[in-house]
K.L.:
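This is the structure, below, for whatever I ask next.
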Amino acid sequence: MLNPVSDALRDHLSKILPQAAFKQLTPAYLEEPRGRYAGTAGLLLAPGSAQEVSTIVTACRDARVGVIPYGGGTGLVGGQVAENLPAPVVISMERMTAIRAVDPIENVLTCEAGAVLQTVQDAAEAAGRLFPLTLASQGSARIGGNLATNAGGVNVLRYGNTRDLCLGLEAVLPDGSIWDGLTPLRKNNTGYDLRHLLIGAEGTLGIITAASLKLFPRPQAVGAALMVVRDPQAALDLLALAGEQLGGQVSAFELIHRQGLDFLAEVGPEVKAPFDTPPEWMVLVDLGCFAGTVPEEALERLFADAFERGLVSDGVIAASLEQRHAFWAIRENIPEANRRIGSVSSHDISVPITRIPEFITRGAQELSKLAEFRINCFGHVGDGNLHYNVFPMPGRTRADYQAERSAVKEIVHDLTHALGGSISAEHGIGRLKVADLERYGDPAKLAAMRAIKAGLDPLGIMNPGAVLA
């Protein structure tokens, strides 16, 4: 059993930590973006170093008090807030924001876990390099949280998830020890890889305090196009054609359904409509080109070949960076439009790329047997990740569908599982999907996860209730 924060623990920490580590516990630290959870806490601490994190974790271990790591607060599955727990200590990384080093020869950037993603991107750009992790929340999301959840984003097709962008970590383990695994090495076969164990563990096995991140050469030129596709299968065929023609120059390939455009027109945010008549399906193709490739010409060739094959019927190629940004504004504002409409149930799922058309068709068929809904299906089709969100019909609200909400999630997740997919593609498990992981997770994997958790965190103090029940 865990204990709540006591006066004795407060007094002990006040004697061994600097005053700057103590922060006022405002409601913002106990909330999450979707409003599903209201957290509890007894004490908010913002350490300034790995040693101070170690001091806090050691004290919490000795007092058997839960520890909740807090990054930018942008997580969508409740991993950063704890309900129904004896008042824990919240450890915010907001003071650990340093960019420790940028090495354009090694192509490595070392930063502390509290560094904001946008700051990391800017530091890489200042050195003539690219850090390609790109998220809608990059202005507030912190690197530690990105790593703890193995964040995805729009560039996974080309560069991989956050896991693929990390070479080494510094972290505080549940016993308070500091693991110094910061390294620029690409090859290091010296036993178990604790880096990959901690990435995606959502703070349940330790607290990431710093990271060595991979950098890449900046593209020589960038470009984008919106292309109207016949259906999701045509989008996949277009993706394959783009791969054949452009190789590794396709950075993102986003599928957009008409429903998202309709929502933008209905509730905003206001964006410039790309076509006079909203198409049923379109894709956003984004290029980061090598020297010698002119993106506009490459996209024109791609469109011409795709048109000849019957894959696309219309398209717009960005003629400037401003127009490219306008294209991306459409895609990036769809989630905000979704929020304003208010979903019955939202899903972050992935399926094998070749089964995306089947999932979309069968999902709509199965849901239609339950009730009448509006479905906004969009996402990173290049890596199989769909944001499959189910909404009320016009004139109704999400409250009208409360009785159907659980059934909607079950239909979507059952179909995802049946097609060999994942019920959490990029948002993590947090507290929202703990029961789903129990239901759909492989028994052998779950047993191994529990054994690892028990071995590293026998008292269960690290982000209790997240990932594993």
Side-chain angles (χ1 to χ4, degrees), residues 2-31 39-74 79-82 85-101 109-117 119-120 123 140-148 168-182 198 203-212 457 459 461-464:
L2 295 176
N3 299 315
V5 171
S6 64
D7 290 340
L9 179 60
R10 292 174 190 272
D11 291 343
H12 174 63
L13 289 170
S14 69
K15 295 173 183 175
I16 57 177
L17 290 173
Q19 185 59 41
F22 292 83
K23 305 288 290 186
Q24 182 181 1
L25 184 59
T26 63
Y29 293 94
L30 304 178
E31 301 168 349
T40 59
L43 185 62
L44 172 66
L45 297 171
S49 67
Q51 184 57 58
E52 289 181 15
V53 176
S54 172
T55 297
I56 296 166
V57 171
T58 300
C60 289
R61 178 204 64 192
D62 294 344
R64 202 158 184 166
V65 169
V67 173
I68 310 297
Y70 190 92
T74 60
Q80 71 274 40
V81 293
L85 281 178
V89 170
V90 175
I91 298 182
S92 171
M93 306 309 292
E94 64 195 78
R95 290 180 60 230
M96 295 184 62
T97 60
I99 305 294
R100 294 184 182 176
L109 181 150
T110 303
C111 67
E112 294 179 338
V116 172
L117 174 55
T119 302
V120 173
S140 52
R142 298 181 188 273
I143 284 295
N146 298 148
L147 288 160
L169 294 176
E170 174 190 85
V172 175
L173 301 180
D175 65 355
S177 60
I178 300 174
W179 169 52
D180 183 3
L182 291 176
L198 291 172
T204 61
L205 301 178
I207 298 179
I208 295 169
T209 54
S212 297
D457 184 20
L459 298 180
I461 67 168
M462 302 304 299
N463 211 2

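None of these values were measured; they are calculated from a predicted model. Positions are given from 1 along the sequence.
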K.L.:
Hey, is the main chain of Ala63 close enough, under 3.5 Å, to the side chain of Asn3 for a donor-acceptor pair?
P.N.:
yes
K.L.:
Verify side-chain contact (heavy atoms from CB on, under 4.5 Å) between Thr119 and Thr97, making sure each step is shown before the conclusion.
P.N.:
CA-CA 9 Å; Thr119 302; Thr97 60; over 6 Å; no
K.L.:
Backbone N or O of Gln51 within a donor-acceptor pair of the Thr55 side chain at under 3.5 Å?
P.N.:
yes
K.L.:
Using every non-hydrogen atom in the two residues, find where Ala113 and Ile208 come nearest and quote the distance to one decimal.
P.N.:
CB-O, 3.2 Å
K.L.:
Using modelled atom types only, decide if a donor and an acceptor are shared between the side chain of Asp457 and the backbone of Met462 within a distance under 3.5 Å.
P.N.:
yes
K.L.:
Starting from the C-alpha separation in whole Å, work towards a yes-or-no answer on side-chain contact (heavy atoms from CB on, under 4.5 Å) for Leu25 and Leu43.
P.N.:
CA-CA 7 Å; Leu25 184 59; Leu43 185 62; over 6 Å; no
K.L.:
Output the distance between atom SG (Cys60) and atom CG (Leu13), rounded to the nearest 0.5 Å.
P.N.:
6.5 Å
K.L.:
State, to 0.1 Å, how close Ser212 and Thr110 come at their nearest heavy-atom pair, and which atoms those are.
P.N.:
OG-OG1, 3.6 Å
K.L.:
Which heavy atom of Gly176 sits nearest a heavy atom of Thr58, and at what distance?
P.N.:
CA-OG1, 3.4 Å
K.L.:
Within the side chain of Thr204, is there an N or O that forms a donor-acceptor pair under 3.5 Å with the backbone of Asn463?
P.N.:
no
K.L.:
Between Leu2 and Ile461, does the side-chain contact (heavy atoms from CB on, under 4.5 Å) criterion hold? Intermediate values first, please.
P.N.:
CA-CA 7 Å; Leu2 295 176; Ile461 67 168; 4.0 Å; yes
K.L.:
How close do Leu85 and Thr40 get, counting heavy atoms only, and between which atoms?
P.N.:
O-OG1, 3.6 Å
K.L.:
Which heavy atom in Ser92 sits nearest to a heavy atom in Pro47, and how many Å separate them?
P.N.:
O-CD, 3.4 Å
K.L.:
How long is the span from the CD atom in Glu170 to the OG1 atom in Thr209, to the nearest 0.5 Å?
P.N.:
3.5 Å
K.L.:
Any heavy-atom pair between the side chains of Pro464 and Ile68 that's under 4.5 Å?
P.N.:
yes
K.L.:
Hey, does the side chain of Arg10 reach the backbone of Gly42 with a donor-acceptor pair shorter than 3.5 angstrom?
P.N.:
yes
K.L.:
Using salt bridge (Lys or Arg N to Asp or Glu O under 4.0 Å) as the criterion, point out the one residue from Arg100, Arg95, Arg142 that pairs with Glu112.
P.N.:
Arg100
K.L.:
Report the distance from atom CD of Glu94 to atom CG of Leu45, rounding to the nearest 0.5 Å.
P.N.:
10.5 Å
K.L.:
Mind checking the CD1-NZ spacing from Ile91 to Lys23? Nearest 0.5 Å is all I need.
P.N.:
14.5 Å
K.L.:
Can you tell me how far CE of Met96 sits from CD1 of Ile143, rounded to the nearest 0.5 angstrom?
P.N.:
13.5 Å
K.L.:
How far apart are the closest heavy atoms of Pro4 and Pro86, and which atoms are they?
P.N.:
N-CB, 3.6 Å
K.L.:
Donor-acceptor pair, distance only, cut-off 3.5 Å: does the side chain of Gln80 make one with the backbone of Tyr70?
P.N.:
no
K.L.:
What distance do Ile56 atom CD1 and Ile16 atom CD1 have between them, rounded to the nearest 0.5 Å?
P.N.:
8.5 Å
